Amino acid sequence: MPERDAFAWTTMVSSHARVGDMSSARILFDEMEERNITTWNTMIDGYARLGNVESAELLFNHMPTRDIISWTTMIDCYSQNKKFGEALAVFNDMRMKGISPDEVTMATVISACAHLGALDLGKEIHLYILQNGFDLDVYIGSALIDMYAKCGALDRSLLVFFKLQDKNLFCWNSAIEGLAVHGFAKEALAMFSKMEREKIKPNGVTFVSVLSSCTMQGLLKKAVGDFQA
DNA sequence: TTAGGGTTAG
């Protein structure tokens, strides 16, 4: 039952990779007689998280077959390591091979677009999501809100925010920050109040936007009060 | 919870 062995070995590889021990993961990986796509994907992601882009690339380029998770993991590897141009290049490669992105791929790519200010590609992916009936979940939603805001399209950013059914802290933070950096301090603070009324607990990212909005409004005391509550 | 990928900032 080789597939069963591969499953058990991959579980061990994964447990090392999860804690960042890629040396131990690698020893097991090299000793394995039967590897499957999951084994390769686990290794690539493990290297990506440690910032070892070269090792991730090497495995990605040498793996026998790739699935959508392999592609997304490699795109995210570049993105996590601030190589956003490379992330989009891999996404392009993937599309050229006729492989369709899923929700996870799209959230990752939209985030890379935000960092690069790549509004056209971001819009294209947004359209693709709408036209293909993909679920606009909190990952894609917050990535879109952030991407539009960073690309200077605050109207589109807020449109996505208000149309989004379920919003988590990431969605709220992205919208509040978008308002704050575009100088809409009053609106950012109003949105922060609405977030509190909806029982979403703020974090340090929220704090940065609220603080800058309060500063713009000359309300530094309010900022301190908000975060002591 | 049961082998693998995703969102804000820094």
Side-chain angles (χ1 to χ4, degrees), chain A residues 2-18 22 25 28-29 32 34-49 56 59-60 63 65-82 84 87 90-91 94 99 101-115 122 125-126 129 134-151 157 160-161 164 166-181 188 191-192 195 200-212:
Chain A
E3 185 53 32
R4 253 179 72 177
D5 286 349
F7 195 101
W9 279 73
T10 304
T11 305
M12 294 190 283
V13 170
S14 169
S15 65
H16 288 299
R18 234 190 332 248
M22 289 309 290
L28 289 172
F29 180 81
M32 289 173 75
E34 300 280 338
R35 306 180 185 108
N36 56 28
I37 292 190
T38 303
T39 325
W40 289 84
N41 292 346
T42 303
M43 289 293 293
I44 293 168
D45 188 54
Y47 282 128
R49 286 176 199 280
L59 289 182
F60 182 76
M63 65 194 298
T65 55
R66 297 174 187 144
D67 62 10
I68 187 62
I69 295 184
S70 321
W71 286 98
T72 306
T73 303
M74 199 59 221
I75 293 167
D76 189 50
C77 169
Y78 285 125
S79 210
Q80 274 178 49
N81 292 284
K82 304 194 188 304
F84 303 109
V90 172
F91 176 62
M94 188 191 100
I99 297 156
D102 66 8
E103 280 98 336
V104 181
T105 321
M106 291 186 285
T108 309
V109 174
I110 293 164
S111 163
C113 289
H115 287 277
I125 293 167
H126 189 185
I129 290 164
F134 280 102
D135 183 34
L136 237 162
D137 63 19
V138 289
Y139 293 94
I140 292 177
S142 54
L144 281 174
I145 293 162
D146 177 59
M147 184 274 295
Y148 281 130
K150 282 200 168 63
C151 291
S157 169
V160 173
F161 177 81
L164 204 57
D166 301 301
K167 305 179 188 38
N168 69 1
L169 180 60
F170 285 81
C171 306
W172 285 94
N173 280 349
S174 299
I176 293 169
E177 194 205 353
L179 287 168
V181 300
M191 191 172 276
F192 172 64
M195 182 183 114
I200 307 280
K201 233 174 103 69
N203 67 1
V205 177
T206 326
F207 175 73
V208 174
S209 302
V210 170
L211 184 62
S212 77

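Naming convention: chains lettered A, B, ... in sequence-line order (proteins, then strands); numbering from 1 in each chain. This one's a predicted model, so the numbers in the text were calculated from it and none came from an experiment.
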Chemist: For A:Ser209, which contact category applies under a 4.0 Å heavy-atom criterion: base, sugar-phosphate, or nothing?
Modeler: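 Here A:Ser209 touches no strand at all.
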
Chemist: For a 4.5 angstrom cut-off between non-hydrogen side-chain atoms, does A:Leu169 reach A:Met195?
Modeler: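 They are in contact (side-chain heavy atoms under 4.5 Å apart), so the answer is yes.
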
Chemist: Could you give the distance separating B:dG6 and B:dT2 at their P atoms, to the nearest angstrom?
Modeler: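 Nearest-Å result for B:dT2 against B:dG6 at atom P: 15 Å.
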
Chemist: Using only side-chain N and O atoms of A:Ser79, determine if any of them is under 4.0 Å from OP1 or OP2 of B:dG6.
Modeler: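 Answer is no, no contact under 4.0 Å.
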
Chemist: Which is true for A:Val205 with a 4.0 Å heavy-atom rule: it touches a base, it touches only sugar-phosphate, or it touches nothing?
Modeler: base

Chemist: If you only use heavy atoms from C-beta on, which nucleotide in B:dA3, B:dA9, B:dG5 is closest to the side chain of A:His115?
Modeler: B:dA9

Chemist: Suppose we screen for side-chain contact (heavy atoms from CB on, under 4.5 Å). Which residues come up paired with A:Asp166, at least two apart in sequence or across chains?
Modeler: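 Per chain and number, A:Asp166 pairs via side-chain contact (heavy atoms from CB on, under 4.5 Å) with no residue.
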
Chemist: For DNA chain B, just give me the dot-bracket, please: Watson-Crick or G-U, both distances below 3.5 Å, ( ) intra-strand, [ ] crossing earlier pairs, | paired with another strand, . unpaired.
Modeler: ..........

Chemist: For A:Arg18, which contact category applies under a 4.0 Å heavy-atom criterion: base, sugar-phosphate, or nothing?
Modeler: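 Result for A:Arg18 = sugar-phosphate.
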
Chemist: Under the rule for side chain to side chain donor-acceptor pair (under 3.5 Å), what residues qualify as partners of A:Thr206, not counting sequence neighbours?
Modeler: A:Asn173, A:Asn203

Chemist: Any side-chain N or O of A:Arg49 below 4.0 angstrom from OP1/OP2 of B:dG6?
Modeler: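 Checking B:dG6 against A:Arg49, a side-chain N or O does come within under 4.0 Å of OP1 or OP2.
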
Chemist: What nucleic acid atoms does A:Thr72 come within less than 4.0 Å of, heavy atoms only: base, sugar-phosphate, or nothing?
Modeler: base

Chemist: Evaluate ring-ring contact (aromatic ring centres under 6.0 Å, His included) for A:Phe192 paired with A:Trp172, printing each intermediate quantity in order.
Modeler: CA-CA 8 Å; A:Phe192 172 64; A:Trp172 285 94; 9.5 Å; no

Chemist: Between atom CG in A:Asp137 and atom P in B:dT8, what is the gap in whole Å?
Modeler: 13 Å

Chemist: Donor-acceptor pair under 3.5 Å: do we get one between A:Asp102's side chain and the base of B:dG6?
Modeler: no

Chemist: Nearest to the A:Asp76 side chain among B:dG5, B:dT8, B:dA3, which nucleotide is it?
Modeler: B:dG5

Chemist: Specify the residues of residues 171-180 of chain A, ordered by number, for which at least one heavy atom lies under 4.0 angstrom from an atom of DNA chain B.
Modeler: A:Asn173, A:Ser174, A:Glu177

Chemist: Using only heavy-atom distances, decide whether a donor-acceptor pair under 3.5 angstrom links the side-chain of A:Thr73 to the base of B:dG5.
Modeler: no

Chemist: Rounding to a whole Å, what distance do you find between A:Asp166:CG and B:dG6:P?
Modeler: 21 Å

Chemist: With sequence neighbours excluded, what pairs up with A:Asp45 under the salt bridge (charged side-chain N to carboxylate O under 4.0 Å, His left out) test?
Modeler: A:Arg49

Chemist: Could I get the full list of side-chain contact (heavy atoms from CB on, under 4.5 Å) partners for A:Glu34, not counting sequence neighbours?
Modeler: A:Pro2, A:Ala6

Chemist: Are any non-hydrogen side-chain atoms of A:Thr39 and A:Trp9 less than 4.5 angstrom apart?
Modeler: no

Chemist: Rounded to the nearest Å, what distance is computed from the CE atom of residue A:Met32 to the C1' atom of nucleotide B:dA3?
Modeler: 9 Å

Chemist: When you get a sec, tell me which of B:dG5, B:dA9, B:dT7 is the closest nucleotide to the side chain of A:Asp146?
Modeler: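 Nearest listed nucleotide: B:dA9.
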
Chemist: Going by side chain to side chain donor-acceptor pair (under 3.5 Å), name the residues that satisfy it together with A:His126, two or more places apart in sequence or in a different chain.
Modeler: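 So A:His126 forms a side chain to side chain donor-acceptor pair (under 3.5 Å) with A:Tyr148.
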
Chemist: When the P atoms of B:dG5 and B:dT1 are compared, how many Å lie between them, rounded to an integer?
Modeler: 15 Å

Chemist: Students often get this wrong, so: under 4.0 angstrom with heavy atoms, is A:Ile140 touching a base, only sugar-phosphate, or nothing?
Modeler: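 A:Ile140: base contact, heavy atoms under 4.0 Å.
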
Chemist: Touch check for A:Ile68, heavy atoms < 4.0 angstrom, all strands: base, sugar-phosphate only, or nothing?
Modeler: base

Chemist: Can you tell me the distance, in whole Å, between the NE2 atom of A:His16 and the P atom of B:dA3?
Modeler: 16 Å

Chemist: With centres under 5.5 Å and planes under 30° as the test, does A:Phe170 stack with B:dT8?
Modeler: no

Chemist: For A:Asn168, give me all partners under side chain to side chain donor-acceptor pair (under 3.5 Å), at least two apart in sequence or on another chain.
Modeler: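 Per chain and number, A:Asn168 pairs via side chain to side chain donor-acceptor pair (under 3.5 Å) with no residue.
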
Chemist: State which residues pass side chain to side chain donor-acceptor pair (under 3.5 Å) with A:Ser70; sequence neighbours excluded, sorted by chain then number.
Modeler: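 Listed in chain order: A:Asn41, A:Asp67.
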
Chemist: Of the options B:dG5, B:dT7, B:dT8, whose atoms approach the side-chain atoms of A:Val104 most closely?
Modeler: B:dG5

